[in-house]
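Below is one structure, written out as structure tokens; comments come after it.
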Amino acid sequence: YQNRLNPSIIFAKNLLEKKKFGKIISSSVRLRWCRYQEYYEDGWHGTWKMDGGVLSQQAIHHLDALNYLLGPIKSVVTKSSRRINKLEAEDTIVSIFVNSDGSSGTFEATTAARPKDIEASLSITGEKGFINIGGIALNKVLDIQFLNQKNKTSFLCNKYSETVKNGYGISHRLLIQGNIDVLLGKKNNNLIYAKDCISTTNLVHAFYKSNEKKQWTFLKNKPIYNKLGG
């Protein structure tokens with residue numbers, strides 16, 4: 001869940017903790033990436049036993065960013081499909097979710113975008129402001145606005161954005177180095193503990209379970225989707 005270490009996500013988290021956006025109205029995640037059929041011909045990508053679909057393979061990083069910033073998520077309703085690619089799981093998934101604070105949002109992810117990776121974006125709308133994080137890997141603050149703002153916020157967009165080559169971003173390195181440092185007895189704050197990520201794993205199960213049952217699924221019921229890893 002390396003996206004938690006992106007400067008853009010750290011910035012948004014800090015603003016949310018300080019209540020800079022006020023009451024949250026809505027939020028959305030949009031992952032529009034491209035994977036051609038040969039990607040799924042290696043014997044494990046796209047299989048329920050080893051990988052799952054776009055949600056559990058690619059978009060789990062962006063679902064975790066959403067959960068980290070705005071969770072816990074209370075309930076979800078989901079529709080998944082295989083729009084272009086041939087695989088056991090899904091190449092496209094769209095969800096509506098409700099957060100515990102009462103705000104709602106949408107989650108859209110696909111590997112059927114063409115002709116290349118297009119975006120990985122997350123936006124938050126609040127009563128006092130708005131932020132849109134985008135780029136190819138949640139790596140840029142594209143827009144930020146506040147109620148009654150007097151100064152331009154373009155400098156914030158530049159300060160908390162980074163340039164990356166592809167959708168992998170560069171925070172994997174920070175996360176791996178954090179773990180190496182701890183093993184070597186050094187101090188490093190770039191750690192993401194397993195206990196902090198369980199709720200994101202639960203969300204993946206809830207999204208898939210909702211699609212299976214074709215109804216709203218509530219996280220409090222601890223849904224399990226048996227095809228994952230099966």
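No experiment lies behind these values; they were computed from the predicted model shown.
Side chain of Ser161 to main chain of Asn158: no donor-acceptor pair is present (N/O by atom type, distance under 3.5 Å, no hydrogens or angles). Without hydrogens or angle criteria, Thr110 side chain to Asp91 main chain gives a donor-acceptor distance under 3.5 Å. Not a single donor-acceptor pair under 3.5 Å links the side chain of Gln177 to the backbone N or O of Leu174. Glu90 contributes a side-chain N or O that, together with a main-chain N or O of Val54, makes up a donor-acceptor pair within less than 3.5 Å. A donor-acceptor pair is defined here as one N or O able to donate and one able to accept, closer than 3.5 Å; no such pair exists between the side chain of Glu119 and the backbone of Arg32. Distance alone, capped at 3.5 Å, is enough to place a donor-acceptor pair between the His205 side chain and the Tyr225 backbone. No donor-acceptor pair under 3.5 Å is formed between the side chain of Asn190 and the backbone N or O of Leu175. Of the possible polar contacts, none joining the Asn221 side chain to the Pro223 backbone as a donor-acceptor pair under 3.5 Å is found. Although no hydrogens or angles enter the test, the distance criterion places a donor-acceptor pair under 3.5 Å between the side chain of Ser56 and the main chain of Asp51. Without hydrogens or angle criteria, Thr153 side chain to Leu156 main chain gives no donor-acceptor distance under 3.5 Å.
Between Ile24 and Asn99 there is no side-chain heavy-atom pair separated by less than 4.5 Å. Looking at Phe11 and Val141, their side chains come closer than 4.5 Å, going by heavy atoms from C-beta outward. Looking only at side-chain heavy atoms (C-beta outward), Lys86 and Gln37 come within less than 4.5 Å of each other.
Using a 4.5 Å cut-off between side-chain heavy atoms of Ile, Leu, Val, Met, Phe, Trp and Tyr, with links allowed through other members, Leu228 and Tyr1 fall into the same hydrophobic cluster. One hydrophobic cluster, built from ILVMFWY side chains closer than 4.5 Å, cannot hold both Ile73 and Ile198; they sit in different ones. No chain of hydrophobic side-chain contacts below 4.5 Å, direct or via other Ile, Leu, Val, Met, Phe, Trp or Tyr residues, connects Ile118 to Leu142. Ile170 and Ile136 fall within the same hydrophobic cluster, defined by Ile, Leu, Val, Met, Phe, Trp and Tyr side-chain heavy atoms under 4.5 Å apart, directly or through other members. Hydrophobic clustering of Ile, Leu, Val, Met, Phe, Trp and Tyr side chains at less than 4.5 Å, counting indirect connections, unites Trp48 with Ile60.
Side-chain polar atoms of Asn3 and Asn6 form a donor-acceptor pair below 3.5 angstrom. In summary, the side chains of Asn132 and Asp143 do not present any donor paired with an acceptor at a separation below 3.5 Å, with no hydrogens or angles considered. Side-chain contact of Thr92 with Ser81: a donor-acceptor pair under 3.5 Å is absent, judged by distance alone. There is a side-chain donor-acceptor pair under 3.5 Å between Thr200 and Asp64. Looking only at atom types and distance, the side chain of Arg30 has a donor-acceptor partner in the side chain of Ser28 under 3.5 Å away.
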Step-by-step side chain to side chain contact (heavy atoms under 4.5 Å, CB included) determination, Ser123 to Phe130 | CA-CA 7 Å; Ser123 62; Phe130 167 83; 4.0 Å; yes
Would you please test Ile180 and Ile176 for side chain to side chain contact (heavy atoms under 4.5 Å, CB included) and show each step?
-> CA-CA 6 Å; Ile180 291 173; Ile176 293 170; 3.9 Å; yes
Kindly determine whether Phe21 and Thr125 satisfy side chain to side chain contact (heavy atoms under 4.5 Å, CB included), including the steps that lead there.
-> CA-CA 7 Å; Phe21 298 116; Thr125 301; over 6 Å; no
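A side chain to side chain donor-acceptor pair (under 3.5 Å) with Arg35 is found for one member of Asn85, Thr111, Asp117 and no other, namely Asp117.
Ring geometry for His45 against Tyr40 counts as perpendicular: the plane angle is over 60°, on a 0 to 90° scale with 30° as the lower cut.
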